[in-house]
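When reading the values below, keep in mind they use all heavy atoms of this one structure, side chains included, and skip hydrogens, waters and symmetry mates. Sequence lines set the chain letters: A, B, ... in the order given, protein chains first and strands last, and positions in each chain run from 1.
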Amino acid sequence: MAKDDLSTHLKYVGTRPDRPDGLDKVTGRARYGADIAAAGMLHAAVVRSPHAHARIIKIDTSKAEAVAGVKAVVTRADFPTGLTGEDWNLQENTMAGDKALYDGHAVAAVAATTSLLAKEAAELVEVEYEILPHVTDVDEAIKPDAPVIREGAADASVPEGMPANVVKYMEFGHGDIEAGFAEADLVMENTYKTEATHQGYIEPQACMGQLGKDGKGEMWVSTQGHWYIRKMSAAVLGLEASQLRVTPSEIGGGFGGKTTIFMEPLSLALSKKAGGRPVKIVMSRAEVLRATGPTASASMDVKIGMKKDGTLTAARAEFRMQGGAFPGAPVDMALYCAFAAYKLPNVEHIGYDVLANRPKCAAYRAPGSPMGAFAAESLLDEMCHKLGLDPLEVRKKNAVREGDKSSYGPKFGSIGLIETLDALENHPNMQAPLGPNQGRGIATGYWFNHGGETSVSMAISEDGTAQVSVGTPDIGGSRASIALMTAEALGIPYENVRVNVVETGALGVNEPTHGSRATFASGKAAVESTNQAIAEMCRRAAAEWGIAPEAVEWRDGAAHPAGPNAGDFPPMSIQEIAVKMGETGGPISGHHEGNLDGVGASFGAHAVDVEVDPETGRTTILRYLVVQDAGRAIHPAYVEGQYQGGAVQGIGWALNEEYIYDDKGRLQNPVFLDYRIPVASDLPMIDTVIVEVPNPGHPYGVRGVGETGITPPLPALANAIQNAVGVRMRDLPMSPVKVLAAIKAQNG
Amino acid sequence: MSKIHVQTIVNRDPVEFLADPRETLLDCLRDHLGLTGSKEGCGTGDCGACSVTVDGTLISSCLMLGVEAGGKSIETIEGMAQGEDLHPLQRKFIEHAAFQCGYCTPGILVAAKNLLEKNPSPTETEVRYWLAGNLCRCTGYDKIIRAVMDAAEEMRGAA
Ligand code: FES
Ligand code: FES
């Protein structure tokens with residue numbers, strides 16, 4: 001698809017109409033997880049371990065059970081045994097078994113007639129612990145003498161003799177790494193660290209579950225993917241997924257953190273024990289921070305070889321990441337993304353997934369990519385400094401193009417990195433003058449994007465409008481973009497398409513809204529479904545006209561006779577066809593499902609100007625620019641929103657956000673006051689440029705836009721700070737205290 | 001704990017409810033009055049998702065007890081539109097795509113309305129500082145600030 005032959009014909013795609021769920025969301029009518037109530041509903045509270053690592057000797061629930069109004073108490077004894085693999089991990093994380101594995105790990109749950117009562121009763125659950133030595137830092141956890149989180153947790157990838165907390169090991173690359181370094185004029189190697197951060201969605205996890213004696217249940221959940229919630233909750237409780245019907249609420253942010261289960265199965269377990277009454281669980285912010293999703297923390301060694309002219313000759317990355325007390329740190333993704341922007345003849349990657357006494361990590365926007373970029377893009381910049389090279393020129397010189405072999409193996413299809421870097425270079429922000437203690441930093445970022453399991457249906461209504469049923473919850477305007485694509489394909493106004501996010505009973509399996517897939521995959525399936533309905537409408541028109549269906553073509557929302565022998569009939573509009581579809585053959589609909597491929601990867605490049613106060617170490621952002629290849633922006637305002645939101649999450653990660661543990665392994669900052677995400681007064685406007693190099697694997701060229709934006713800010717800010725005040729920060733967050741210490745050390 | 005009878009005005013209507021003395025105003029609005037538009041994001045006064053006004057003062061309703069609401073006049077997101085007519089801020093938030101998930105939106109709209117009542121022509125910096133107590137994790141604030149500035153301009157024009 002050449003860049004412009006489609007875009008000049010597009011009528012709805014690329015416009016910025018009001019989102020269909022806008023009215024509900026500005027009036028307070030939209031119903032999120034905690035907004036549900038049902039007859040007979042109980043409220044639950046969860047008892048959590050105050051210890052980072054402790055053997056559970058005994059749990060006495062009798063006092064809690066004796067409270068009038070308490071209807072059920074559950075512990076791990078109420079769960080089935082014999083689970084293996086990730087099912088066991090999920091179950092163990094939902095409710096501790098022999099040991100509490102992190103501060104905040106659930107050990108019991110109570111359901112009562114009011115939430116105040118449930119909280120009171122939870123305090124009466126007596127748990128006897130034997131405190132064990134703990135470890136929360138990844139470099140400590142990988143030491144041979146570190147406290148062992150769980151014997152036998154390593155998978156087959158881990159070679160004999162590695163420390164016990166290493167549960168996954170990987171090694172991959174190509175070329176001859178030593179020969180590559182030998183060719184270089186400069187070889188540099190450094191270690192970089194990133195702390196864990198939380199997705200920080202403003203809506204805490206919330207659900208209501210109901211499970212009867214017959215094993216049939218229903219759930220209402222704030223989630224990015226209700227089929228995942230269904231499958232995981234069923235596995236943890238020993239049920240068949242088919243016996244659960246899960247309805248997604250509106251979702252108050254997820255960023256990957258709501259693609260998995262935490263307390264959701266507890267609502268079902270409590271409901272069953274309470275005679276099938278619905279049970280609602282709403283997490284507190286402290287529970288969210290202590291026990292749900294953060295991302296992994298990382299310690300990363302990177303080595304790069306560069307010629308005097310900036311050509312990269314070789315690169316090596318060795319990453320250690322902890323994702324809590326369970327396997328699953330995104331070390332593989334971090335390694336795939338680290339050097340993805342560059343042509344590298346010789347490259348080596350080594351990764352360790354390490355257990356530690358922290359909550360089980362969940363996906364967070366481009367999982368792994370920000371860490372990898374922080375290490376690789378920081379070192380690259382340090383080398384440009386050393387050789388006196390322009391960091392943008394060096395990036396352009398080494399940038400990957402279509403057909404290049406990627407650093408992690410596969411060949412790139414159509415990509416827009418060069419176009420992205422060019423757009424960055426040409427933006428006025430790059431010419432803005434800088435004063436004392438001010439500096440500019442640039443960096444790139446990468447995400448694969450994702451297709452995955454998708455099932456979508458659409459139906460034509462009698463009035464000639466269209467209803468689309470999708471299974472991907474709308475976190476940021478995907479109803480609008482799917483409606484735009486459907487309207488475009490059908491040739492009817494955007495307002496005449498209604499997109500519904502439907503429950504698990506209404507479609508086949510859908511993966512969550514994750515990996516930047518909702519607009520790509522549900523959109524692609526919606527267009528395929530629409531094409532089926534169009535074909536049927538053409539058949540109906542053909543039958544009425546008495547001509548062959550092939551002699552009918554669909555255009556501007558109507559069937560037209562086409563071709564030499566089609567005859568001269570006036571066009572038959574969608575309304576005319578729809579109003580009598582009952583007599584001409586019944587409902588007209590379309591359906592598409594599959595494991596969708598055709599995904600197009602997305603590169604971004606950011607430029608940030610900062611001023612660092614040498615007295616306090618505080619970094620102020622003066623200007624921020626996000627440039628990213630969207631493939632095509634279906635609803636540009638929401639594409640910009642993804643760029644801006646991703647960038648600001650990256651800014652928070654770079655400058656402020658971190659998990660702080662005390663010497664007992666207890667999280668010290670489980671409130672928003674101390675886990676400080678960026679606020680409006682911290683920021684300037686976030687400038688955006690949408691590059692459009694269409695993805696040939698999507699009917700409208702969509703790549704997916706959600707993930708990449710979080711990645712470049714981490715290195716871009718480190719690079720800007722060096723340019724402002726000369727210090728190189730290799731340990732996140734670059735909080736005022738740390739930057740000030742570095743400035744002082746530099747000044748001797 | 002025995003409950004206390006509270007009579008107050010919410011969105012210009014007289015209401016009454018029975019509150020446990022430990023329940024916050026946010027709990028009472030949501031659980032006793034069915035006004036679930038105000039959200040809980042933190043329960044500690046740090047996120048602003050629960051913003052309402054009490055006698056014209058912007059507060060975090062998670063930090064006020066329900067029993068303290070007696071005899072006051074409370075405005076929540078549910079009272080912002082006049083019948084079918086959206087407040088200019090509500091329209092501008094939709095028009096500018098000033099929310100993604102929408103969870104912070106009720107609190108931000110209530111806070112922004114309170115700002116514009118006090119200061120009809122705020123600068124960008126004033127808007128940013130006024131809304132610094134309202135966390136949004138989705139948008140990076142850019143479109144929120146633009147929507148507020150645009151609504152202020154329109155309201156000035158209409159006044
Ligand atoms: S819920 Fe009240 S400020 Fe966050
Ligand atoms: S739009 Fe999601 S938190 Fe603001």
Contact check, side chains of [X] and [Y], non-hydrogen atoms, under 4.5 Å:
X	Y	result
Tyr201(A)	Val288(A)	yes
Trp220(A)	Asp35(A)	no
Pro122(B)	Trp130(B)	no

Part of [X] within contact of chain B (heavy atom distance under 4.5 Å):
X	result
Ile651(A)	neither
Gln199(A)	backbone
Glu287(A)	neither
Pro684(A)	backbone

Notebook entry, point to check: What's the shortest heavy-atom distance between Ala654(A) and Leu714(A), and which atoms?
Noted result: CB-CA, 4.0 Å
Notebook entry, point to check: If every non-hydrogen atom of Val67(B) is compared with every non-hydrogen atom of Val6(B), which pair is closest and at what distance?
Noted result: CA-CG2, 3.9 Å
Margin query: Taking atom CD as the centre, does Glu123(A) end up with more than 12 heavy-atom neighbours from other residues, nucleotides or ligands that are less than 6.0 angstrom away?
Written below: no
Next item on the list: Determine the option with the most heavy-atom pairs under 4.5 angstrom with chain B, choosing from Asp21(A), Leu116(A), Val648(A).
Entry: Leu116(A)
Next item on the list: Quick one: which of Ala286(A), Gly22(A), Gly477(A) has the most heavy-atom pairs under 4.5 Å with chain B, could you say?
Entry: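 The option with the most such pairs is Gly22(A).
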Based on non-hydrogen pairs under 4.5 Å, which of [options] is most in contact with chain A?
options	value
Ser38(B), Cys42(B), Ala49(B)	Cys42(B)
Arg30(B), Gln90(B), Gln100(B), Arg128(B)	Arg128(B)
Ile144(B), Ile77(B), Leu35(B)	Ile77(B)
Glu95(B), Met80(B), Glu124(B)	Glu124(B)
Asp31(B), Leu86(B), Thr44(B)	Leu86(B)
Glu78(B), Glu23(B), His96(B), Arg146(B)	Arg146(B)

Indicate yes or no for a side-chain donor-acceptor contact from [X] to the backbone of [Y] under 3.5 Å, with no hydrogens or angles considered.
X	Y	value
Thr139(B)	Phe99(B)	no
Thr223(A)	Lys258(A)	yes
Asp674(A)	Val671(A)	no

Between [X] and chain A, which part of the residue has a heavy atom less than 4.5 Å away: side chain, backbone, both or neither?
X	value
Ile108(B)	neither
Tyr103(B)	both
Asp20(B)	side chain
Leu109(B)	side chain
Glu40(B)	backbone

Verify the distance criterion only: is there a donor paired with an acceptor across the side chains of [X] and [Y] at less than 3.5 Å?
X	Y	answer
Glu16(B)	His5(B)	yes
Ser222(A)	Gln205(A)	no
Asn119(B)	Glu126(B)	yes

Check: Which word best sums up how the rings of Trp653(A) and Tyr364(A) line up, parallel for under 30°, tilted for 30 to 60°, or perpendicular for over 60°?
Finding: parallel
Notebook entry, point to check: Do His635(A) and Thr519(A) pass the side-chain hydrogen bond (donor to acceptor under 3.5 Å, both in side chains) test, and can you show the C-alpha distance, the side-chain angles, and the key distance before you say yes or no?
Noted result: CA-CA 10 Å; His635(A) 191 306; Thr519(A) 299; over 6 Å; no
Note to self: Just to be sure I understand the criterion: a residue of residues 248-257 of chain A counts if one of its heavy atoms is under 4.5 Å from a heavy atom of chain B. Which ones qualify?
What the structure shows: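 Expected list: Ile251(A), Gly252(A), Gly253(A), Phe255(A).
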Item checked: Close approach to chain B in residues 24-33 of chain A, criterion heavy atom under 4.5 Å -> Lys25(A), Val26(A), Thr27(A), Gly28(A), Ala30(A), Tyr32(A)
Note to self: Let's go through Tyr643(A) and Val689(A) carefully: what are the C-alpha distance in whole Å and the side-chain angles of both, what is the deciding distance for side-chain contact (heavy atoms from CB on, under 4.5 Å) to 0.1 Å, and is it a yes or a no?
What the structure shows: CA-CA 9 Å; Tyr643(A) 291 4; Val689(A) 177; over 6 Å; no
Check: Given Tyr624(A) and His606(A), is the side-chain hydrogen bond (donor to acceptor under 3.5 Å, both in side chains) satisfied, shown in steps?
Finding: CA-CA 7 Å; Tyr624(A) 202 101; His606(A) 294 194; 2.7 Å; yes
Check: For Cys207(A), which of Val282(A), Ile36(A), Val221(A) qualifies under side chain to side chain contact (heavy atoms under 4.5 Å, CB included)?
Finding: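 So the option named by the test is Val221(A).
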Check: Can you list the steps and then say if Leu117(A) with His43(A) is a side-chain contact (heavy atoms from CB on, under 4.5 Å)?
Finding: CA-CA 9 Å; Leu117(A) 203 54; His43(A) 300 262; over 6 Å; no
